[in-house]
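Since the structure comes first, as structure tokens, the remarks are kept for the end.
Lettering follows sequence order; numbering is per chain, from 1. Only this structure's heavy atoms are used, side chains among them; waters, hydrogens and symmetry mates stay out.
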Number of protein chains: 2
Amino acid sequence: MEKNLLAGIDIGGTTVKLSFIDVQGNILTKWEIPTNIADGGKHIVKDIAATIEEKLAELGLNKSHLMGIGIGAPGFIDVKNGIIFEAVNIGWKDFHLKEEIETLLAVPAFVDNDANLAAVGEMWQGAGKGAKNLICVTLGTGVGGGIIADGEIIHGQSGMAGEIGHIAAVTENGAPCNCGKTGCLETVASATGISRLALEALDKNNTGKLTDILAQHGKLSTKDVFTAAQENDAVALSVIDEATRHLGLVLANLANAINPETIVIGGGVSRAGDYLVHHIRRYFNRFAIPKIANETKMHIATLGNDAGVYGAAWLAKSKAMK
Amino acid sequence: MEKNLLAGIDIGGTTVKLSFIDVQGNILTKWEIPTNIADGGKHIVKDIAATIEEKLAELGLNKSHLMGIGIGAPGFIDVKNGIIFEAVNIGWKDFHLKEEIETLLAVPAFVDNDANLAAVGEMWQGAGKGAKNLICVTLGTGVGGGIIADGEIIHGQSGMAGEIGHIAAVTENGAPCNCGKTGCLETVASATGISRLALEALDKNNTGKLTDILAQHGKLSTKDVFTAAQENDAVALSVIDEATRHLGLVLANLANAINPETIVIGGGVSRAGDYLVHHIRRYFNRFAIPKIANETKMHIATLGNDAGVYGAAWLAKSKAMK
């Protein structure tokens with residue numbers, strides 16, 4: 001049998017997602033194991049190697065069928081050497097991920113940042129399928145991003161490229177961000193940020209649906225805000241307007257610089273779907289160069305939690321073929 | 001003799017700059033001819049071919065010494081095929097520049113946007129020497145830019161990447177820009193933009209050195225504004241503060257996304273030198289991710305008007321060697 005199978009792995013703080021994907025991009029199987037963060041994360045690679053060997057045996061396959069292993073991990077990464085400088089949630093520091101996996105499995109392994117690989121996954125098999133120039137922004141608890149130019153991930157000088165969440169959005173009196181700055185896009189466009197904007201809006205104008213929901217549940221989710229906005233609640237509409245104005249401006253300015261074919265919007269907040277795209281698009285079109293406003297596509301991500309394993313498999317494919 | 005000579009050509013609206021540069025980046029000779037824009041620019045390629053043949057003969061060389069020809073041109077360009085979609089100042093429309101040059105000279109020719117090649121020139125032999133990740137912004141009559149990631153020019157989906165001048169800087173009530181939008185970086189950070197800001201500032205507060213200069217000369221140059229600011233004139237200082245706040249924010253947000261090693265600032269406004277860099281840096285450091293603020297270098301361009309021919313020669317070298 002041909003060596004045409006890719007292992008796509010996405011290492012998160014609580015679970016490791018794994019998959020076998022063929023070179024055409026079809027998932028043969030996918031599964032998860034818990035991330036064992038004990039002892040500074042030193043058991044994780046052993047767990048991954050063991051579960052891959054088991055799954056291969058279960059399918060009547062062996063390591064000779066694997067063309068390569070792609071791995072997405074959080075944190076700062078030396079992608080060339082597959083070293084994780086630091087991944088706080090996992091406990092790794094100067095961790096030689098590529099080398100450790102290759103030692104255990106004797107299959108070429110390639111490592112990149114999880115947000116970059118989610119972007120690549122959407123480019124390969126998701127909402128950006130076929131695009132060679134793509135910006136992916138993930139609106140979750142935080143805001144992550146990946147930028148692809150001419151089919152290649154932009155890493156930048158020290159692997160920090162794509163930090164769309166920390167682009168300055170509110171330039172005066174912005175809310176504090178985890179990165180140490182204030183007013184980052186993440187503070188106004190993440191799920192956390194949108195909830196915060198809603199609470200602030202109620203401080204000024206405590207009326208309407210959000211007032212009722214807050215009184216009933218003691219908190220406000222992004223979903224509450226979008227639902228109320230779609231029912232024309234004035235406070236909720238003002239919050240969505242603010243969040244999407246910042247998103248539209250940041251994405252337009254990135255598009256003015258990068259000229260992507262497609263912008264893909266993923267993460268929990270993207271469940272608001274076309275309603276979200278419509279609102280972002282209003283501001284995007286205002287701030288983008290007219291030709292870029294006309295030509296840039298904007299889509300909701302389609303791969304959900306699988307984007308990372310697809311992207312990891314793509315990485316393995318493109319690197320192993322070189 | 002070896003085929004190790006590069007022709008670097010920079011086509012502008014009034015002059016065509018030409019050079020022979022060796023593969024190590026040493027200029028053997030450089031010269032100019034006028035750009036003949038008569039008849040929709042149809043004579044320009046013939047003029048270029050003729051002057052190159054003459055110059056080769058003058059130096060006792062011939063076409064067999066040329067490894068390749070690199071050409072920078074303004075406007076929208078299909079770089080793959082070397083076609084200028086439109087260059088208004090020259091009169092070209094759907095002009096097959098690569099093909100025409102190759103037909104006349106029988107040497108491989110490669111074409112790219114002049115702003116991109118200025119960035120590449122600074123990367124190869126100028127202020128960004130050795131950097132593989134670089135942003136170059138040119139503050140002249142307008143604001144141009146070029147972005148290089150991992151040693152490659154970012155072109156984007158339709159060749160429009162690097163349009164730093166049209167990033168939205170003033171998001172409410174901005175001045176109109178040539179591109180059809182309002183509030184672009186170009187409206188506040190070009191030479192024209194800084195003069196306009198100064199006139200607006202005098203409308204509100206007609207005091208100090210700029211009032212005197214305007215009364216005397218009937219106009220204000222960017223140089224007037226910088227000189228007055230360096231002498232602590234309050235109005236001039238407020239103008240420099242405004243222009244560099246926009247520049248610092250735009251460059252920080254680009255750096256947050258692209259993570260360059262070096263930012264190079266060129267064009268007429270950059271004659272203000274370290275004083276300009278100091279002011280941009282203040283805002284850059286405020287809006288960039290702390291690690292990026294610490295690590296990103298910022299320099300004034302060193303190649304002046306030669307950046308374009310250096311970049312064109314680099315293009316010829318990198319393409320001809322492939």
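- In terms of modelled atom types and a separation under 3.5 Å, the side chain of B:Asn256 and the main chain of A:Glu163 share no donor-acceptor contact.
- For the set B:Thr262, B:Ile258, B:Asn253, the count of heavy-atom pairs under 4.5 angstrom toward chain A peaks at B:Asn253.
- A:Arg245 is linked by a side chain to side chain donor-acceptor pair (under 3.5 Å) to nothing, counting only residues two or more places apart in sequence or in another chain.
- Heavy atoms closer than 4.5 Å to chain A are found in the backbone of B:Ala288, but not in its side chain.
- Among B:Thr296, B:Ile289, B:Asn259, the residue making the largest number of heavy-atom pairs under 4.5 Å with chain A is B:Asn259.
- Taking non-hydrogen atoms and a 4.5 Å limit, the residue list of residues 167-189 of chain B in contact with chain A, ordered by number, reads B:Ile167, B:Ala168, B:Thr171, B:Glu172, B:Cys179, B:Lys181.
- Within the 4.5 angstrom heavy-atom criterion, only side-chain atoms of A:Phe76, from C-beta onward, approach chain B.
- Taking 4.5 Å as the heavy-atom cut-off, the residues of residues 125-162 of chain B that approach chain A are B:Asn133, B:Ile147, B:Ala149, B:Ile154, B:His155, B:Gly156, B:Gln157, B:Ser158, B:Gly159, B:Met160, B:Ala161, B:Gly162, ordered by number.
- Contacts of A:Glu261 classified as salt bridge (Lys or Arg N to Asp or Glu O under 4.0 Å), with partners at least two apart in sequence or in another chain: A:Lys297.
- Interface remark: A:Ala257 contributes backbone and side-chain atoms alike to the contact with chain B (heavy atom separation under 4.5 Å).
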